[in-house]
Amino acid sequence: MEKKYRAHLLICAGTSCVSNGSLELRDALVEEIKKRKLEDEVYVATTGCNGFCAAGPLMIAYPDEIFYQKLQVEDVPFFVEEYLLKGRVVKSHLFESPEADQVIPKISDIGFFSQQILVALKNRGLIDPDKIDEYIARDGYLGMAKALLEMTPEQIVEEMKASGLRGRGGAGFPTGLKWQFCAAAEGSPKYMLCNADEGDPGAFMDRSILESDPHSVLEGLIIGAKAIGANKGYIYVRAEYPLAIHRLQTAIGQAKDYGLLGEDILGSGFNMDIELYFGAGAFVCGEETALMRSIEGKRGMPRPRPPFPAHKGLWDKPSVLNNVESLANIPQIIYRGADWFSSLGTEKSTGTKVFALSGRVKNIGLIEVPMGAPLRSIIYDIGGGIPDGKKFKAVQLGGPSGGCIPASLIETPVDYESIAKTGAIVGSGGMVVMDETSCMVDIAKFFLGRNPVVSARPAGREHSNSSRSSKGLPRGKVSLRT
Ligand SMILES: Cc1cc2nc3c(=O)[nH]c(=O)nc-3n(C[C@H](O)[C@H](O)[C@H](O)COP(=O)(O)O)c2cc1C
């Protein structure tokens, strides 16, 4: 019989919270709860990144929906006594402590959360990424089941085109169209690839998605593979993302055990194998042709296009490369339909976009907003504004290929067309806020001096492909305490 707990404590185990001690916090809570003989009443769970990275370690207490921040191991005995035994909220660790006569704010009352619409991040902070059952319980693998059992490859491509999804890796190319080109291309085998290289400064969207919801990316890859006629997938993930790698490895193993990956998935007759490939952190290897060369074991250097990868990609075979966030959207587009997805965002920029909000803003973290959300609302309503009463100066969007949007353009809607008019690009989602003390000359110098694309440093030179294949990276290097 299913056990009923009176409280669930969800501890964030994203990279930021883990580095702030969230796993020690979890262990201390479990210990104290046992000591107080509450283990049959209170369940402690770890989840993927909750998004509000600046406030970690984070914990959400259900059913009260209370958001606790910056809890430390030494707070645990008092917390258990006060909150779990006496039923009194521990105000010192709330995000905003209310006045005596005010109601205790719930997570949905906090601007950082309430102003967001979650699609790619829908499971963040809610499921344990190491447990496939929790992903399945939230409609996981239903999009894949629909695609494999009820749809033809052409129908999948048409649904993707109708959704209007544009690649979230930076270029904004329509995903359905890319799949159509590859599906129509001559050549076999074909390859379905995921770009988890994420080199832009200030960007951590893809890492966070992989850490909090790895199955969504696997599911997107399988759906894409069926659409283009591939049976082999690669995830190119930078080796500096050990937690993401660990969770991907676990997810791949569990999906295979459940018959959701491998031979004859769900009895559909469709086979799919997914392999991880570890990049060595060369920015240029995020570019699609360089990435494919790198997987081939060659020096990661871009080549001129055409031919495009849809015709001649990995090992000169037709291939599709999609970004992590693009892939995380796909299961829901197939399951909930193109009309649902395109009802979000603007006419030409449909859906939502994940941004890594960082720099001189109060609420640093990972956010997801509908395309077309005004920059002001992102920086002030979600980001909480500029700390220390300073003035907003500019925001850097799109990494080294992007630009800085000045304060005078703060009302700009964040969608592909409006941002392009400012001279910047939406890019992959790095959003670095600057205040009046930031020097724009220094920023320009930083990007010119460090950007591997424009510096004289030979691109990809650190990349020793042969020693970095998924088989080559010693497991110990990515083994983590989770
Ligand atoms: C120098 C350079 C670096 C890039 N780095 C990345 C990256 O880290 N991640 C990514 O998804 N796309 C990156 N891109 C874009 C990819 O080439 C490609 O367009 C993208 O992965 C396609 O996926 P999408 O259509 O889903 O956006 C980079 C492009 C260039 C020119």
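Whatever order the structure lists them in is the order used to number ligands and atoms, beginning at 1. Hydrogens, waters and symmetry mates play no part in the numbers below; they use all other heavy atoms, side chains included.
Below 3.5 Å of separation, one finds no N or O of D206 facing any N or O of ligand 1.
The aromatic rings of H215 and Y141 sit perpendicular, their planes meeting at an angle over 60°, well past the 30° parallel limit.
A cation-pi arrangement is present between R166 and Y416 under the rule of less than 6.0 angstrom and at most 45 degrees off the ring axis. Because its NZ or CZ atom is not both nearer than 6.0 Å to the ring centre of Y135 and within 45° of the ring axis, K131 does not count as a cation-pi partner of that residue. Cation-pi contact between K445 and F447: absent, since separation from the ring centre below 6.0 Å together with deviation from the ring axis within 45° is not met.
Distances from atom 29 (C) of ligand 1 to the heavy atoms of E198, R168, E287 put E287 nearest. Of the options L165, V324, N195, the smallest heavy-atom separation from atom 9 (N) of ligand 1 is shown by N195. Around atom 11 (O) of ligand 1, the closest heavy atom drawn from N329, L193, V284, N323 belongs to N323.
Distances below 4.0 Å separate heavy atoms of F283 from the following atoms of ligand 1: 1 (C), 3 (C). Remark: ligand 1 atoms within the under-4.0 Å shell around heavy atoms of L321 are 21 (O), 22 (C), 23 (O). Residue-ligand proximity, N322 to ligand 1, at heavy-atom distances under 4.0 Å covers atoms 23 (O), 24 (P), 25 (O), 26 (O). Set against the non-hydrogen atoms of D197, the atoms of ligand 1 under 4.0 Å away are 8 (O). Taking every heavy atom of G199 and a limit of under 4.0 angstrom, the matching atoms of ligand 1 come to 8 (O). Ligand-side atoms of ligand 1 in range of K178: 22 (C), 23 (O), 24 (P), 25 (O), range being under 4.0 angstrom from any heavy atom.
N123 and R138 are linked by a side-chain donor-acceptor pair at a separation below 3.5 angstrom, with hydrogens and angles left out of the test.
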Verdict with reasoning, E211 to T15, per side-chain hydrogen bond (donor to acceptor under 3.5 Å, both in side chains) = CA-CA 8 Å; E211 286 176 3; T15 287; 2.5 Å; yes
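Counting heavy atoms from C-beta outward, L397 and V426 have side chains that stay 4.5 Å or more apart.
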